[in-house]
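Here is the naming used below: chain letters follow the sequence lines, and residue numbers restart at 1 for every chain. Both backbone and side-chain heavy atoms feed into the values below; hydrogens, waters and symmetry mates do not.
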There are 2 protein chains.
Amino acid sequence: MNKRVTIKDVAKKTGLSISTISLVINNKGNVSEETKQKVLQAIEELGYYPARSARSLASRKTGNIGFILTEEHFSRSEPFYTKIFLGTEFESRAYNYYVLLTTVPTQFSKSAIPRFLLENNVDGVIFAGKINQKYVKYVEELGLPYILVDYDLSGKKVSAVMIDNVGGGEMATDHLLKLGYRKVAFIGGDIEHPSIRGRFEGFKKALEKAGVECAVDMCVVEEPDTRVINGYRACEKLFTKLKPEAIFAANDAMAIGCLRFLKEKGIKVPDEVAVVGFDDIEACIHVEPRLTTVRVDKEELGVVAVKHLVEMIRKPNSGINRVYLPVKLVVRDSCGAKKKGFYVFDDSKIDESLI
Amino acid sequence: MNKRVTIKDVAKKTGLSISTISLVINNKGNVSEETKQKVLQAIEELGYYPARSARSLASRKTGNIGFILTEEHFSRSEPFYTKIFLGTEFESRAYNYYVLLTTVPTQFSKSAIPRFLLENNVDGVIFAGKINQKYVKYVEELGLPYILVDYDLSGKKVSAVMIDNVGGGEMATDHLLKLGYRKVAFIGGDIEHPSIRGRFEGFKKALEKAGVECAVDMCVVEEPDTRVINGYRACEKLFTKLKPEAIFAANDAMAIGCLRFLKEKGIKVPDEVAVVGFDDIEACIHVEPRLTTVRVDKEELGVVAVKHLVEMIRKPNSGINRVYLPVKLVVRDSCGAKKKGFYVFDDSKIDESLI
DNA sequence: TTTTATTCATAAAACGCTTTAAATAAATTT
DNA sequence: AAATTTATTTAAAGCGTTTTATGAATAAAA
């Protein structure tokens, strides 16, 4: 086990002080070009690389970013937040950061405070998804820069990377209206969630724009959350009294729940009812019929979050960043556009690369 | 921005030296019960938590685990390795470690050496999947403990967590034989890969056990890798000359490729040909017919890897750990067992939780 | 030539802990 | 009471960097 090469060795080899070596490494202060080259060469020859822990201790910069999400979001097997996380992992490498992930319970508790915060082991924090406000407050009090992803705090101006939910909801509904459907229903759950609410808002906006009435009983929004089973139930409620021509579900999971209910009842999709979802999860291309949806680029959410957070770390007090990521309509089979001769998004390549 | 509480503050408050505080924190040395309690209380009251960087520097323990996989494995969208990674993330929290992830190119290059190795920022390393031997060698020379997941190094006894590929291949083939199929084919790609080879081996073992001949042209193993498209091609090759009753594909992706080919040709599954895959990826329950396969618990691979690695970190020279994780046959629709009245694995709950 | 700027390099303190040899105090033996 | 053990506690030396105030050397200005 060969001894670690330290800054001292570089100093000794070049005959300079360790201060000078440090200045060269960090590209700071006034160092003549000549000595700079000498140092760089010595570093190269010795294979020197500064130790992270020593650097962190002295500079009070850890080189880490914390990623916090609720246990619930982490364990759900549909990898929505997982993908956001992987996006941050990927992007952070470009900025020479590592991402430390941790989950927290939905309820705040002192003992659940992420260890990397207690240990002073991150330079900034990303919160993904719905999160208890107290966690955010704690981070704020530490004086750490932070950014929210796919969530927003009401009554508080914070940095955030959000999905254009309103635009997406509008887009999906516009599409259904364009296909000639007039009796269009909305299905949602956890309606207090900013994202779901935004999608609902977009839905209503599109109807209004088109001069189509938005009947109250065409909007089923009482479900507690947005899983498949609740899509199933909401659809069931809807069909007890009404017969919509089209359904816009707040997310793909609920849309798949609809498909399931409709298949059981022998109601043909899209012939009798059109269905559109939101998110574009992988299951969309596997269900029958393949689900038309609004694509959210999950990795990109993570990428953008890291970009902004790093900027906030580098120049503090740079103000608040709020970004809305655009979404994209992906037309497949469940909306009936294909039969009507409309343009259909080609995702065959995505299909291929899938596995 | 309130000043950070340090060990000095605790020392001052208790009237003890910082050495004593440190000993209490680390539960080392001889400290009387009385002072220990006094210290613990002061720590509690001050809300003290040792700084990671200072600790790392002094103790030469970083509290981090490195996770290395090839770029290729990271970017493939089927989240096989991603799940392993999430398993390590999850488990490492139990041991108070953080996982630093990095990807490396397939070919070794000096400039691609993970930064956390250069910076001395990990206490041990997990390699996931096929990896260039030179990376492993580099880590070994650093004197760091390491463990391989889902890969093995020929001619080298290293710690590893492996899938019971042979057992799984045997299980799948046994199942097909039990259902009465005799003309059973094997489809594989990247046959040099230890996992694929193991599955093939299990296949042959089962046939031999049953006294069924393993014809050479019933084994298509020339494909360069195991993606859907190559499953499609291999199946095509197979059917130009032969008509097997059943196919065991080296993984689900290739099995899905088979399904695709067979659907195109109008060959009914499982009525005319039975298909069994390996891995149990999510697409299995979405394809038509749902794919019978051998389930690999990916998260568990990560969990077990962390467990062993932490043990190796804690007591060096504890020897080499080699673990084979058991697999499980998941019977769905593509093998024809259902129709023949065999037991069918119930994954409805998994279906539900999926989204 | 002397004074003032400017450029470059360094000494030394700090960052917040761990670790070990040594000091001290208390308890036990002789 | 002195000597020896044993149990606690601490001083001090790191760990490997960053970061300033200071100093030396050189160049420019007076």
> If only side-chain N and O atoms of A:S17 are considered, is one of them under 4.0 Å from the OP1 or OP2 phosphate oxygen of C:dA11?
no
> Name the closest nucleotide to the B:A58 side chain, picking from D:dT18, D:dG16, D:dG14.
D:dG14
> Between atom CZ in B:R4 and atom P in C:dG16, what is the gap in whole Å?
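To the nearest whole Å, that distance equals 7 Å.
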> Does any non-hydrogen side-chain atom of B:P114 lie less than 4.5 Å from one of B:V104?
yes
> Describe, in one word, how the ring planes of A:F90 and B:F74 are oriented to each other, choosing from parallel (under 30°), tilted (30 to 60°) and perpendicular (over 60°).
parallel
> Report yes if a side-chain nitrogen or oxygen of A:Y49 is closer than 4.0 Å to either non-bridging phosphate oxygen (OP1 or OP2) of D:dG16; otherwise report no.
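It does not, given that no N or O in the side chain of A:Y49 lies less than 4.0 Å from OP1 or OP2 of D:dG16.
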> Does the salt bridge (charged side-chain N to carboxylate O under 4.0 Å, His left out) test come out yes or no for A:D150 and A:K298, once each step is laid out?
CA-CA 10 Å; A:D150 188 34; A:K298 299 105 198 163; over 6 Å; no
> Between C:dC17 and B:S53, is there an OP1 or OP2 to side-chain N/O distance shorter than 4.0 Å?
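For C:dC17, OP1/OP2 do not have a side-chain N/O of B:S53 under 4.0 Å.
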> Both B:I18 and A:E33 contact DNA chain C. Which one's nearest nucleotide lies toward the 5' end?
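The 5'-side residue here is A:E33.
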> Nearest-nucleotide wise, let me know which of B:R60 and B:T20 is further upstream toward the 5' end of DNA chain D.
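Its nearest nucleotide lies further toward 5', so the answer is B:T20.
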> I need the NZ-C1' distance between B:K36 and D:dT8, as an integer number of Å.
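The answer, rounded to whole Å, is 12 Å.
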> To the nearest angstrom, how far is A:L23 atom CG from D:dG16 atom P?
20 Å
> For B:L16, answer base if it contacts any base atom (sugar-phosphate contacts may also be present), sugar-phosphate if it contacts only those atoms, and nothing otherwise; contact means non-hydrogen atoms under 4.0 Å.
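Since only primed, P, OP1 and OP2 atoms lie under 4.0 Å of B:L16, the category is sugar-phosphate.
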> Looking across every strand, which nucleic acid part, if any, lies under 4.0 Å from A:T6 by heavy atom: base, sugar-phosphate, or nothing?
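Result for A:T6 = sugar-phosphate.
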> Tell me: CG of B:N120 to P of D:dG16, nearest whole Å?
9 Å
> OP1, OP2 of D:dT9 versus side-chain N and O of B:N30: anything below 4.0 Å?
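Answer no for this pair, as no side-chain N or O of B:N30 is under 4.0 Å from OP1 or OP2.
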> To the side chain of A:A51, which of D:dT9, C:dA9, D:dG16 is closest?
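Minimum distance to the A:A51 side chain belongs to D:dG16.
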> So among A:I65, A:T102, A:L144, A:I313, which one has a side chain to side chain contact (heavy atoms under 4.5 Å, CB included) with A:V122?
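That would be A:L144.
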> Whole Å only: how far is the CG atom of B:N121 from the P atom of D:dG16?
14 Å
> From CD1 of B:I7 over to C1' of D:dT10, roughly how many Å is that when rounded to an integer?
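Going from B:I7 (CD1) to D:dT10 (C1'), I get 13 Å.
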> C:dC15 phosphate, OP1 or OP2: any side-chain N/O from A:S56 under 4.0 angstrom?
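Checking C:dC15 against A:S56, no side-chain N or O comes under 4.0 Å of OP1 or OP2.
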> Look at the side-chain N and O atoms of B:S59 and state whether any lies under 4.0 Å from the OP1 or OP2 oxygen of C:dT19.
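B:S59 to C:dT19 OP1/OP2: no side-chain N or O under 4.0 Å.
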> Which listed nucleotide (D:dT17, C:dC17, C:dG16) is nearest to the side chain of B:L57?
C:dG16
> Ring-plane angle category for B:Y146 and B:F127, please: parallel below 30°, perpendicular beyond 60°, tilted otherwise.
perpendicular
> Could you tell me how far apart B:I21 (CD1) and C:dG16 (C1') are, to the nearest whole angstrom?
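Checked: the CD1 to C1' distance equals 13 Å.
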> Tell me if the side-chain of B:S19 makes a donor-acceptor pair with the base of D:dA11, cut-off 3.5 Å, by modelled atom types.
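Answer is yes: a donor-acceptor pair is held.
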> Quick check: do A:L101 and A:L69 have side-chain heavy atoms less than 4.5 Å from each other?
yes
> State whether A:K28 places a side-chain N or O below 4.0 Å from either non-bridging phosphate oxygen (OP1 or OP2) of D:dT19.
yes
> Is there a side-chain polar atom (N or O) of A:R55 under 4.0 Å from OP1 or OP2 of D:dT18?
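Answer yes for this pair, as a side-chain N or O of A:R55 is under 4.0 Å from OP1 or OP2.
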> D:dT18 C1' sits how many Å from A:N27 CG, rounded?
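Checked: the CG to C1' distance equals 15 Å.
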